[in-house]
Amino acid sequence: MIDLKDLRENPDKYRNGVRDKCMQVDIDRLLALDEARRAILTRVENARSEQNKISKEVGPRIGQLKGKLKGAAGDEKDRLEMEIASLEAKPAELKALVAEEERHLGAIEPEFKALWLQVPQPPAADVPRGKGSDDNVEIRRWAPAGWDFGRTFAENRGFKPRTHLELVKLHHLVDFERGVKMGGTRHYVLAGLGMRLHQAVLRYAVDFMADKRGFTPMGVPVIVKEECMVGTGFFPAGREQAYHIEESKRGSGHDMYLTGTGEVGLMGLHAEEILQADQLPLKYCTVSTCFRREAGAAGKDTAGLYRIHQFDKVEQVVVCKADEAESRAWHRQMLETVEMILQSLGLPYRLLQCCTGDLGVKNEDMIDVESWMPGRGEMGKDGAPTGEFGETHSASRLGDFQCRRLNLRYKDEHGKMRFAYALNNTVAASPRILIPLLEMHQQADGSVVVPEALRPYMGGIAKIG
RNA sequence: GGACAGGUGUCCGAGCGGUUGAAGGAGCAGCAUUGGAAAUGCUGUAUACGGGGUAACCUGUAUCGGGAGUUCGAAUCUCCCCCUGUCCGCCA
């Protein structure tokens, strides 16, 4: 959610933000509604002020008269009743006026709020302009010794690669058929060493965050109220993407939503709170099951572990002071974490600076990390896929956008109330990360070497198959 | 799920129809006192939005779990919802 005062003072900043993010939000309509709303509010407040003044002056008098009325009779009684009626007339008039104005307010308020929630956080100044993922800019890439991005898998390794689909089948790591039987399309069952590998990556990532990076691991709800979804900025834009539990339809309480990322639970933690400056930065991580409807992705990545309705993810968030330099420093630190983890797993990757058009409503700067997946991409001449980068991580800076919505504030050194800045980043998302993990570490005989870093979490197993 | 009891400021706690943004206490901050400290005394101690002012600040409105209602006037009365506690039932 953006600052309305800032919107009024710098409307172009937000008009440009909408344009650069290739979104459609009528800023001028919002400005007009805001002005109308404030005009009404001023009238209501003035009337209320008058009302309050009168009721302070007249109220006790009415009370007195009503007291007298009880013991009165005849002319005296009529006189008292008339006086009371005349005293009550003035506030009644104001009351009608307030009711009238509030009707006007009620007429524009829903549209005003809906529009306000839609205004995206403008991209940071140094984010490249672009329309979509094709315009993202590669920052750097890394590969372990012996891997050359310029050559095919076969050229690098001396044998034709199997896809992760073939590998999981070969070693009975994933059972897609039974997953689909139970959950429908885009579901799967992790089995045996597949489940252990999945757990190993997650546990490795959590331990890495806690032990090496000083983050506090948390277990947070994955079923949350709408406020959490709106507060974290996923709603209204991402409403179609979330599973909806319609408890209210069963006559009880409120509806709930399944979260698509641990970010929701982590950021919701301190919603509506006022923190002391010395409590910042907050550094949290969580491992949580993530649920995504994948609405609008029909027919895309239908096979395998890439795009699924349910997965587990280790997520990190930082809530820091409202300082751009500090936020950028945390952003770099988060990416460093990801690089350390991918390097320790021996997975080639590249960093992409996302362009303005690829940003969501809530972020002002986002860097995607894509891991090399040999089994993706078009068929090569040798009958093996040519390989392709696939997104495995994403690190965003949100400025104060999210904390505004969540009403997460802190008192700075001067005692001033400020909205904190927030960042979030994937540490490891599995089973998607199993795709490069299996494909990159496969051997000519189809066996898969378990990276050293994961072996302690695999009961010491060094090789699958 | 059923039956009670509750939800008031940073915290405890009063108020149950009228100058109550809210008594009293604790905490915290400032000042005084002191060689320094404790103790004591005094003062201050919410947030949001709007208006005014360069600013310190002044001013209006709202906020006593949330929403709706009754009333000239609601923290106080009514209804719905949420949450917490206790007992019972069920249960990983």
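Keep in mind the model is a prediction, meaning the values are calculated, not measured. Sequence lines set the chain letters: A, B, ... in the order given, protein chains first and strands last, and positions in each chain run from 1.
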To the nearest angstrom, the CD-P distance between A/Gln51 and B/rG73 comes to 6 Å
Checklist entry - With a 4.0 Å cut-off, would you call A/Glu100 and A/Arg103 a salt bridge? => result yes
Determine whether a donor-acceptor pair (N or O, by modelled atom type, separation under 3.5 Å) exists between the side chain of A/Arg397 and the backbone of A/Arg328.
no
Give a yes or no on whether the backbone of A/Gln333 and the side-chain of A/Thr337 come within a donor-acceptor separation of less than 3.5 Å. yes
Sequence neighbours excluded, the answer for side-chain contact (heavy atoms from CB on, under 4.5 Å) partners of A/Cys320 is A/Pro281, A/Val318, A/Glu326, A/Ser327, A/Trp330, A/Tyr421, A/Leu423
Taken to the nearest whole Å, NZ/A/Lys411 to P/B/rA29 is 13 Å
*asked:* Taking only side-chain N and O atoms of A/Lys225, does any of them lie within less than 4.0 angstrom of OP1 or OP2 on B/rC82?
replied: no
Applying the 3.5 Å cut-off to both distances, the Watson-Crick or G-U partner of B/rC31 turns out to be B/rG41
A/Glu227 CD to B/rG65 C1', in whole Å, measures 13 Å
Could you list the protein-to-nucleotides 49-52 of chain B atom pairs, N/O on both sides, closer than 3.5 Å?
unit_1, atom_1, unit_2, atom_2, d
B/rG50, OP1, A/Arg8, NH2, 2.1

From CD of A/Glu273 across to C1' of B/rU47 the rounded distance in Å is 15 Å
Okay, side chain of A/His198, backbone of A/Leu434: is any donor-acceptor separation there less than 3.5 Å?
-> no
Considering only heavy side-chain atoms of A/Met417, the closest of B/rU61, B/rG73, B/rA48 is B/rA48
What residues 102-112 of chain A contributes to the RNA chain B interface at heavy-atom separation below 4.0 Å is none
- Taking only N and O in the side chain of A/Asn52, is any of them less than 4.0 Å away from OP1 or OP2 of B/rC72? no
Rounded to whole Å, CG of A/Asn407 lies from C1' of B/rG65 at a distance of 16 Å
Between CD of A/Glu247 and P of B/rC82 the distance, given in whole Å, is 11 Å
Scanning all shown strands, the Watson-Crick or wobble mate of B/rC91 with both distances under 3.5 Å is none
As its Watson-Crick or G-U partner within any shown strand, both distances under 3.5 Å, B/rA3 has B/rU86
Problem set entry | Flag, side chain of A/Asn16 to backbone of A/Asp12, donor-acceptor distance under 3.5 Å | yes
Result for 5'-nearest mapping on RNA chain B, choosing between A/Lys95 and A/Ser49, is A/Ser49
To the nearest 0.5 Å, atom CG of A/Asp175 lies from atom NE2 of A/His172 at 10.0 Å
Here the distance between atom P of B/rC83 and atom CD of A/Glu272, to the nearest Å, is 16 Å
Between CD1 of A/Ile274 and P of B/rA46 the distance, given in whole Å, is 11 Å
Interatomic distance, CZ@A/Arg307 vs CZ@A/Arg292, rounded to 0.5 Å, equals 9.5 Å
Exactly one of A/Val427, A/Asp368, A/Leu342 clears side-chain contact (heavy atoms from CB on, under 4.5 Å) with A/His393, and that residue is A/Leu342
